[in-house]
Each structure stands twice: as C-alpha cells, then as structure tokens.
Amino acid sequence: MRAKKLTLKKLAGYVHLWLGLGSGLVIVIVALTGALYAFQPELSEACYSYLHVEPRDQLYLPLSQIKAKAEKELPGKQVSRISYAGRDHTVAVSFNSRKENYYYIVYLDPYTGNLVKVKNMNREFFRQVLNGHMHLWLPDPVGNTIVIWAALIFGIIIVTGIVLWWPKKWSKATRKQSFRLKLAASPKRLNYDLHNVLGFYASWIMLFVVLTGMVWGFESVRNAEYWLFSGGKKFPGAPREQSKPADSITGNPLDRIQQQINARYAQVGRIQYLLPPAKTALITVRCFPEEMRNFNADYLYFDRYAAKEILSNARGKYADANSGERINRMNYDIHTGQIGGFPLRLAVFLAALVTASLPITGFYIWWGKQKKQQKPAAGRKGKAQAAQQPAAIA
C-alpha cells in the first residue's frame, strides 16, 4: 500500500486536533473568565457604591493619617498599597500578604478618613474571576504554570487553525464559505461555520492576547521582547537602590512624599503608593495620567526615611522610556484591549467568547467524523459476516 503524503494541512490538522482536545477545558475556563473580567472597571463602578464619595473643594487628609486610620481597622496586618482614583472616589488602602494568604482593602473617605467599607478581596467576585483566569482556582505554582503553558499551546492552535482555514484556491464561492456564517444551514454545517468562520475572525485578536500573556508567563519571552524593541538592551528588572534607615527628616516621610507628588501631578488621574514590607525597600509611586489605561504612567521611587526621590535603573517616567520599555508597558493594555479604548475592549470581549466556544464546536466536529467513520466500518463488517453464512436450502 502506498504511504499517504503528509502535507502541511494534514500536519496542521493533527496538531490542531490533539492539542485542542488536550487543552480544551483550560482554554474554555481562561477565555470565559477573561471575557467576564473585560468590563470589570465599569461593572465595579456601577455596582459598588463604596467606591464613591461626594467630591469636596478641600485637600485630602495626609497620607500618614490615612494609613493609620486604615491600620486601626485591621490590627496586626501591614499596608501594602494606598490608591487614589480621583476626587469623587474613596481612597483604597490594601493589606496584601501572599505568605499569610490574606488580601483586604479598607475604603476611606479621603477628606475625613471616615471608614466606608472593609472588604475581604479573597471573597470578592471579580477577584475570583481573575483567580480563575490566571490560576484556574488552583494553588501556585501549579495553576499559573498550567495557564501559561496552555497559552503557548493555544498560540499553536491559532496558527494551525489559520492554516486549516486557508482555502486551497480562492474563488467567489470559497470567499463566501470562508468569511460568512450560513445561519440557515443544517445544525452540523452551522456548528462547522461557528468553529471555522468565527474562529478565523477571533484568531487575529486572540493572537495578540496570547502573545502578551506569554510575556508575563515566560521570562525569556519578556526579555526577548525588550531586547528586540530596545535595540539589544537587557531588561532592567527591579530597582537595585535601597532606603537608608540612618537618614531621617522632620515630619512624616509619607506626608513629605505625598506633598512632592501633589505638587508635580496635580491633575493626574490615579495615584498609587506602594509600601513594600522590607525596611530597606524604596517606596514606589505610580502616577497614571488616564482613568483607565496604564502604559503611560510615571514611576517614581523614594527613600522611605528621607522622602528623597531616587533615580533608579528600573522603569521610571514614561517620557524617558525607550521603545523596549514602552512596548513592555503596553502588554497589559493590549491584553485587555484597553490600548484602543472601548471599541477594542469590546472586540477582545467578543473574541474571548468565541474562543470559549471553539473547543466545544471543535469537539462536535471531531465527534461527528468519528461517528461517520464507524458507520462504513460497521457496514463492511456486516457484509463480511453475511458472506460467511451457508446458503439457505430452498
């Protein structure tokens, strides 16, 4: 018997099928949770009244007092971040410890320091959605490892899917079949179109979503991206500089840092003060000029004792960033579609929904082929058995 020629399409078909069957459940979970999380900012703003306060024409309470008032609500726990989201928003004081497995946010009125809400974020709905998206609700490193490798596998599935979709010959009929859904077709044909046509359109969006996800998941991919766009430079990593306990100033250092930030970023959209637990660690301040997007933020570093700004080798002001750092900063906004505003976020949301359906429609295509192959085999077996029976006596 002549060996069948292994073409590119046949190879792509084998890879597409078996990788899809093996990773389908993970892809469904990650895609569905990603779609649910796509509009988390708007949904949270609409549903959670504790995020808002009446704006006033007065200064915020000093940062040290905000920190102290929040600490009274959760004795024994350490503040990790203080976030301001605008004059009509509460100030969010985060208490987050992976080691002790807790994550709380205390919401205060930024003008008076009055308590508005204490929230256990480990029970918050969107936090659970994000946990499923990033970790499959499994402990790390197991959950995150499965997700990042599934992202790599899905990237291969996307490429092989495009190869399988690509017609051998372009004609008016093939264009109509490849680009349009035939809603009036039989259930079998409609299922095929939902997989083939919608999968093609979603693939071009999900390819960027997968690539940006891999930048977070694989250090080598992150380093390669930075090297490529920066012209051969090495990824800078975390700040090497440290705070010096011997240095001290009059007044509270947090308030002095806040004064400097307010003077320089009076019209900024959002501000985050990151307070790491290590005694020699720098305080990082993130200043976001926009309400939603993150890539164009300025990062400033301060000695936590002297309140003096430290120029670091790590990411700093956006205006000073090279092309490698700018692309790296854009990863999150590209991943969520935020880079293009609401229209692109909606496109990512729809593409994620389609992605969640692909393992299901793909499974039914495979299952239908299996049943089709079994019927002729059963027919041939029946004919062979009939031939072996003795002829009936008239």
Exam field: side chain [X] to backbone [Y], donor-acceptor pair closer than 3.5 Å:
{"X": "N262", "Y": "A266", "answer": "no"}
{"X": "T361", "Y": "L358", "answer": "yes"}
{"X": "R270", "Y": "E291", "answer": "yes"}
{"X": "W366", "Y": "L17", "answer": "no"}
{"X": "K9", "Y": "W166", "answer": "yes"}

R264 bridged to E309 by N-O distance under 4.0 Å: yes
Flag the pair E42 and R345 as a salt bridge only when some basic side-chain nitrogen lies within less than 4.0 angstrom of an acidic carboxylate oxygen. yes
With sequence neighbours excluded, what pairs up with F125 under the ring pair (Phe, Tyr, Trp, His ring centres under 6.0 Å) test? none
Do [X] and [Y] meet the criterion of a side-chain donor-acceptor pair at a distance under 3.5 Å?
{"X": "N294", "Y": "Q338", "value": "no"}
{"X": "N114", "Y": "T112", "value": "yes"}
{"X": "H89", "Y": "E45", "value": "yes"}
{"X": "Y299", "Y": "Q272", "value": "no"}
{"X": "Y265", "Y": "D298", "value": "yes"}
{"X": "Y226", "Y": "K234", "value": "no"}
{"X": "S230", "Y": "N322", "value": "no"}
{"X": "E225", "Y": "N331", "value": "yes"}
{"X": "R315", "Y": "N328", "value": "yes"}

Mutual orientation of the aromatic rings belonging to Y84 and Y273 [parallel < 30°, tilted 30-60°, perpendicular > 60°]: perpendicular
Within the supplied structure, the quantity of interest is the number of heavy atoms (other residues, nucleotides, ligands) at a distance under 6.0 Å from W165 CH2; does it exceed 12? yes
Starting at [atom1] of [X], measure out to [atom2] of [Y] and round the result to the nearest 0.5 Å.
{"X": "I82", "Y": "Q258", "atom1": "CD1", "atom2": "CD", "result": "8.5 Å"}
{"X": "Y305", "Y": "K244", "atom1": "OH", "atom2": "NZ", "result": "13.0 Å"}
{"X": "R127", "Y": "N122", "atom1": "CZ", "atom2": "CG", "result": "6.5 Å"}

Apply side chain to side chain donor-acceptor pair (under 3.5 Å) to R256 and list each qualifying residue two or more places apart in sequence or on a separate chain. none
